[in-house]
2 protein chains.
Amino acid sequence: MVQLKQFQCDALLRAAEAACVENGARLTHRRRQVLSALMQSPNPLSAYEVLDSCNRSAATSMPAMSVYRILDFLEQQSLVHRLASSNKYVSCSHIACDHKHFQKTHFLLCEACSSVEEVDATEEANQALDHMASAAGFKLTSQQFELSGICTTCQNNAG
Amino acid sequence: MVQLKQFQCDALLRAAEAACVENGARLTHRRRQVLSALMQSPNPLSAYEVLDSCNRSAATSMPAMSVYRILDFLEQQSLVHRLASSNKYVSCSHIACDHKHFQKTHFLLCEACSSVEEVDATEEANQALDHMASAAGFKLTSQQFELSGICTTCQNNAG
DNA sequence: TCGTGAACGATACATTATATCATTTATAGC
DNA sequence: GCTATAAATGATATAATGTATCGTTCACGA
C-alpha cells in the first residue's frame with residue numbers, strides 16, 4: 001500500500017460513493033474526508049490520527065465523535081478495515097475493483113515501515129489453521145488474521 | 001482455561017517464583033497479586049480489570065501504574081501473555097511445566113465464553129502462512145496469532 | 001412544503017495509558 | 001549488623017483514547 005496520488009484517490013472516492021449508493025447509504029462530505037485521509041496514508045491510522053489528518057487538510061475542524069461514527073460506518077460498508085492488533089484503520093484495497101470479500105481477508109503488516117498488504121486467504125492456510133484449532137476442540141470463525149513480517153521493499157533495503 | 005482452585009494457584013505461584021529466580025528477577029508481593037489475579041480469571045483481563053481484581057481481594061489498594069509496570073514485567077518473564085487483539089492479558093499455560101516457548105504460541109479465543117486456549121503452532125500452519133505471506137513478498141516474523149472461534153464446551157452447549 | 005430519519009455538532013464524561021519524582025525495600029559488600 | 005546501591009513501589013498529575021447524550025442540521029420522500 002503506497003500513498004495515493006490525487007487522481008487515483010478521486011477515482012476511488014467515486015467508486016466508494018457508488019458502493020454506498022448500492023447499499024442505500026450515502027458518502028457524505030465528512031465520510032469522504034475520513035476515507036480520503038485513510039486512502040492517502042501509507043500506514044494504518046488510529047482514530048485520532050485520522051482526526052488530525054482531517055483537521056490539517058480542511059478548513060472546518062471535525063469533532064472526535066464524528067471520526068468514531070464515520071469509521072464505524074465505513075467499516076460496515078467494507079470501505080475500510082479495522083486492524084484489531086493495533087486498533088488502527090486502513091482503507092480497503094478493493095474499493096475500485098469488484099472484489100467482494102467472499103474470501104477471508106488477511107493483513108500483512110510490515111514491522112519496518114508499517115505498510116499493510118491486504119491478501120486473500122489461501123485454502124492451504126484455512127485448512128492448516130482449522131486443523132490446529134480443531135486439535136484443541138475449537139471451531140474457527142475468524143475472518144481476519146494480522147500477520148507481522150517484513151515487506152519486499154524493506155527486505156531489499158536491509159539486505 | 002478454567003478458573004484455578006487455590007491449591008493449584010499456589011503451586012503455579014511457586015513455579016513462577018522459581019522461574020523468576022532463574023532469571024535473576026524477583027516475584028514480589030505485588031507481582032504475585034497481579035499474576036494470581038490472572039491465574040484465577042477464566043478470561044483475559046485488561047489492565048484495569050486486573051487492578052479491580054487485585055483491589056477486591058486485598059486490603060491495600062494498588063495504584064494503576066503498578067499494574068502496568070507489573071504486567072510488562074510478567075510478560076517479559078513469559079509468565080503472562082498479552083493478547084494484542086483485545087489488549088488483555090492471560091496467564092501462561094506453561095508456568096508449571098518445562099515448556100519453553102520454543103515454538104510459536106498461538107491463542108484460540110472463544111467468542112461465546114471468552115475463554116482462551118494457548119496452543120503451539122503446527123508445522124503445517126507455519127508453512128501455509130509462510131506461503132501466503134511470501135506470495136505477497138512478505139517474510140513473516142509473527143510469533144503469535146489470535147484466532148477466534150467456539151470452544152468445545154460452547155459447541156456442546158449450543159448444540 | 002412539510003414530516004421524518006439520518007447525519008452531524010457540541011459537550012461532558014468515562015476509560016485507558018504514560019510521565020515523573022519521591023519513597024520504600026531488598027541485597028551486596030563491608 | 002550497617003550502609004550504599006539499585007530495584008521496586010507509591011503517589012500524583014496529565015495525556016490519550018473512547019463513549020454517552022442531546023440538540024441541530026440536512027437530505028429525501030410523501
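Numbered from 1 within each chain, the chains take letters A, B, ... in sequence-line order.
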Spacing between [X] atom [atom1] and [N] atom [atom2], to the nearest angstrom:
{"X": "B/Asp72", "N": "D/dT9", "atom1": "CG", "atom2": "P", "value": "12 Å"}
{"X": "A/Asp52", "N": "D/dG18", "atom1": "CG", "atom2": "P", "value": "13 Å"}
{"X": "B/Tyr68", "N": "C/dA17", "atom1": "OH", "atom2": "C1'", "value": "5 Å"}
{"X": "B/Ile70", "N": "C/dA17", "atom1": "CD1", "atom2": "C1'", "value": "16 Å"}
{"X": "A/Gln33", "N": "C/dC8", "atom1": "CD", "atom2": "C1'", "value": "12 Å"}
{"X": "A/His29", "N": "C/dA6", "atom1": "NE2", "atom2": "C1'", "value": "17 Å"}
{"X": "B/Arg32", "N": "C/dA26", "atom1": "CZ", "atom2": "P", "value": "13 Å"}
{"X": "A/Glu75", "N": "D/dG18", "atom1": "CD", "atom2": "C1'", "value": "15 Å"}

Give a yes/no answer on whether the side chain of [X] brings an N or O atom under 4.0 Å of OP1 or OP2 in [N].
{"X": "B/Thr28", "N": "D/dT9", "result": "yes"}
{"X": "A/Tyr48", "N": "D/dT17", "result": "no"}
{"X": "B/Arg30", "N": "D/dG10", "result": "yes"}
{"X": "A/Arg31", "N": "C/dA7", "result": "yes"}
{"X": "B/Asn87", "N": "D/dT17", "result": "no"}

Looking at every heavy atom in both B/Lys88 and B/Ser46, which two are closest together, and how far apart are they? CG-N, 3.7 Å

Do the non-hydrogen side-chain atoms of B/Ile95 and B/Leu35 ever get within less than 4.5 Å of each other? yes

Candidate pair B/Asn43 and B/Glu49, rule side chain to side chain contact (heavy atoms under 4.5 Å, CB included), full reasoning: CA-CA 11 Å; B/Asn43 305 327; B/Glu49 286 168 347; over 6 Å; no

Side chain of B/Arg69 (C-beta onward), nearest among C/dT16, D/dG18, C/dT20: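 Selected nucleotide: C/dT20.
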
Would you indicate which nucleotide in C/dA7, D/dA7, D/dG10 comes nearest to any side-chain atom of B/Arg26? D/dA7

May I ask you to decide if B/Ala84's main-chain N or O and B/Glu146's side chain share a donor-acceptor pair within less than 3.5 Å? yes

Quick one: sort the B/Tyr68 and B/Tyr48 rings into parallel, tilted or perpendicular, breaks at 30° and 60°.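 Rings of B/Tyr68 and B/Tyr48: perpendicular, as their planes differ by over 60°.
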
Please classify the nucleic acid contact of B/Met65 as base, sugar-phosphate, or nothing, using heavy-atom distances under 4.0 Å. base

